[in-house]
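Working notes, beginning with the structure itself.
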Amino acid sequence: MTFGESSPGLAGVVAFETEIAEPDRRGGALRYRGVDIEDLVGHVPFEQVWGLLVDESLEPGLPASWSELEVRTGGHMSDLQSMLAILGGRWGLRQLIDVDDAQAKEDLRRLSAAALSIVAQSARGADLPAVPEATVLEGRTAAERFLLAWRGEVDERHAKAIDTYWICTAEHGLNASTFTARVIASTGADAAAALSGAVGALSGPLHGGAPARVLPMLDAVAGSGDPEGWVRDALGRGERIMGFGHRVYRAEDPRARLLKQTAKELGSPRVEVAEALEQAAHEAIAEKHPDHSWTNVEYWSAVVLDVAEVPPPLAPAMFACSRTAGWSAHVLEQKRLGVLVRPSARYTGPPARSLQEV
């Protein structure tokens with residue numbers, strides 16, 4: 001691409017250099033600050049992975065804390081987005097341009113911890129009384145505290161499913177929501193503005209919404225009893241099979257591999273049909289698009305979240321909980337860069353004309 005050329009969606013345009021995450025385009029690995037996620041899952045909890053990404057250290061990581069959900073909007077993502085903005089004002093968070101890195105990091109830590117408790121309360125709903133803060137803080141990990149705030153009890157299988165999912169989806173480079181967070185941070189706005197804006201970008205179905213659409217697909221395949229036929233018919237109708245292909249990976253998504261392994265370890269009843277559909281779809285898609293025929297993180301995320309009995313509408317908010325780590329790391333990186341993000345646009349509208357011509 002030469003200077004002046006446009007790239008719709010900024011595809012292929014390198015906007016930043018980053019030290020945070022390194023996806024291997026040919027598949028096989030995803031590293032957080034050089035550490036392979038396979039060395040993290042099952043060895044350290046999500047809150048310490050948050051620390052690795054944001055602090056470059058497992059300690060202190062994300063603290064155990066509680067923030068009350070005071071505003072219910074009718075949606076999990078809008079609950080989270082509105083409360084993050086409210087907390088920024090209530091806590092008197094100063095703009096990033098006016099604070100040092102240590103204060104920015106502390107602001108992001110508080111907001112990220114709050115996000116987990118906010119989503120858990122949103123999931124619990126308004127019909128049930130809130131679980132006492134003291135009970136929630138008895139949880140040993142962020143995943144356990146999330147379950148306590150949501151259901152008042154912890155199922156260890158569910159906690160492992162959530163923890164694994166959060167680690168696998170904590171960071172993945174410059175996607176739509178992360179770019180949004182960096183753009184907002186580049187203006188010098190406060191940390192709450194950056195994170196709430198990122199939640200807004202993530203709320204769209206084309207970014208982070210696929211897991212909510214995978215389970216109905218698996219149910220349809222199970223009902224048909226014919227994965228190959230179901231795939232053939234779906235592609236024949238021009239439908240997209242959710243959870244396949246990725247704009248970064250040209251082979252197996254390493255996160256999908258870890259989540260598939262977790263689904264098997266936790267005894268998901270959907271593994272058999274998921275594997276059958278995975279094979280049938282991979283073979284069918286590979287005939288025309290070999291680089292986009294592999295399952296991605298969203299496919300097996302749906303199965304793992306199902307183990308934890310996470311309803312599909314809650315999936316995007318669960319993604320937001322995990323991605324607070326990547327967003328926070330990128331906000332800090334952008335703050336240190338100190339450059340306003342200001343891309344150009346090439347005008348393609350009408351030539352100069354008079355008002356009478358309109």
Side-chain angles (χ1 to χ4, degrees), residues 46 65-91 93 108 110-131 136 142-143 145-152 158 161-162 165-166 169-170 172 175-181 183-184 189-217 219 242-243 297-298 301-302 304-306 308-328:
F46 167 73
S65 67
W66 171 265
S67 293
E68 184 180 352
L69 172 59
E70 302 173 16
V71 177
R72 292 188 181 271
T73 65
H76 304 307
M77 292 295 276
S78 52
D79 281 354
L80 176 59
Q81 186 176 21
S82 60
M83 279 303 303
L84 287 173
I86 288 170
L87 290 176
R90 177 168 300 158
W91 292 346
L93 299 189
L108 290 162
R110 292 178 69 192
L111 290 165
S112 296
L116 272 60
S117 61
I118 289 166
V119 172
Q121 293 168 79
S122 180
R124 185 172 177 82
D127 296 336
L128 297 174
V131 178
V136 173
R145 291 189 289 273
F146 183 91
L147 286 169
L148 285 168
W150 179 9
R151 300 172 181 160
H158 296 184
I162 290 172
Y165 169 74
W166 279 350
T169 56
H172 203 255
N175 44 69
S177 59
T178 300
F179 185 67
T180 300
V183 170
I184 295 173
D190 65 57
L195 293 193
S196 63
V199 173
L202 185 62
S203 66
L206 297 183
H207 176 35
R213 299 166 183 248
V214 170
L215 293 187
M217 183 178 68
D219 289 339
M242 304 305 295
V297 65
E298 294 163 331
S301 288
V304 169
L305 290 175
D306 182 61
E309 298 178 8
V310 174
L314 185 60
M318 296 295 289
F319 191 3
C321 287
S322 68
R323 195 50 64 89
T324 58
W327 293 337
S328 297

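In what follows, every heavy atom counts, from backbone to side chain, and hydrogens, waters and symmetry copies are set aside. Treat the numbers as computed from the prediction; the structure is a model and nothing was measured.
In this structure, a donor-acceptor pair under 3.5 Å is present between the side chains of His158 and Arg151.
Interatomic distance, NE2 of His76 versus CD of Gln121, reported as 13.0 Å (0.5 Å rounding). A distance of 12.0 Å separates CE in Met242 from CG in Leu215, rounded to the nearest 0.5 Å. Residue Arg72 holds its CZ atom at 6.5 Å from CG of Asp79, rounded to the nearest 0.5 Å. Between the CG atom of Leu87 and the CG atom of Leu93 there is a distance of 8.0 Å, given to the nearest 0.5 Å. For the atom pair CD1 (Ile118) and CH2 (Trp66), the distance works out to 10.0 Å, reported to the nearest 0.5 Å. Rounded to the nearest 0.5 Å, atoms SG (Cys321) and CG (Leu116) are 4.5 Å apart.
Not counting sequence neighbours, the partners of Ser322 by the side chain to side chain donor-acceptor pair (under 3.5 Å) test are Thr169.
Side-chain contact between Trp91 and Asp190: absent, with no pair of heavy atoms (C-beta onward) separated by less than 4.5 Å. Side-chain contact between Leu314 and Val119 is present, with heavy atoms from C-beta onward closer than 4.5 Å. By the 4.5 Å heavy-atom criterion applied to side chains, Trp150 and Val131 are not counted as neighbours. Between Leu111 and Thr324, the closest side-chain pair of non-hydrogen atoms is not below 4.5 Å. Residues Arg323 and Met318 form no side-chain contact, since every pair of their non-hydrogen atoms from C-beta on lies 4.5 Å or further apart.
Of the possible polar contacts, one joining the Gln81 side chain to the Ser196 backbone as a donor-acceptor pair under 3.5 Å is found. With Asn175 contributing its side chain and Thr178 its backbone, the two residues share a donor-acceptor pair below 3.5 Å. Proximity of a side-chain donor or acceptor of Ser117 to a complementary backbone N or O of Ser67 within less than 3.5 Å is detected.
For the pair Ala114 and Ser65, the tightest heavy-atom approach, listed with the atom from each and the gap, is N-OG, 4.3 Å. Closest heavy-atom contact between Ala198 and Thr180: N-CG2, 4.1 Å. Between Ala189 and Ala193, the closest heavy-atom pair is CB-CB, 4.0 Å. Here the closest heavy-atom approach between residue Ser112 and residue Leu195 is recorded as OG-CD1, 4.2 Å. The two atoms that bring Leu108 and Ala191 nearest to each other are CD2-CB, 3.6 Å, heavy atoms only. Closest of all the heavy-atom pairs between Arg124 and Ala130 is NE-CA, 4.2 Å.
The aromatic ring centroids of Trp166 and Phe146 lie less than 6.0 Å from each other.
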Check against side-chain contact (heavy atoms from CB on, under 4.5 Å), Trp327 and Leu202: CA-CA 11 Å; Trp327 293 337; Leu202 185 62; 3.9 Å; yes

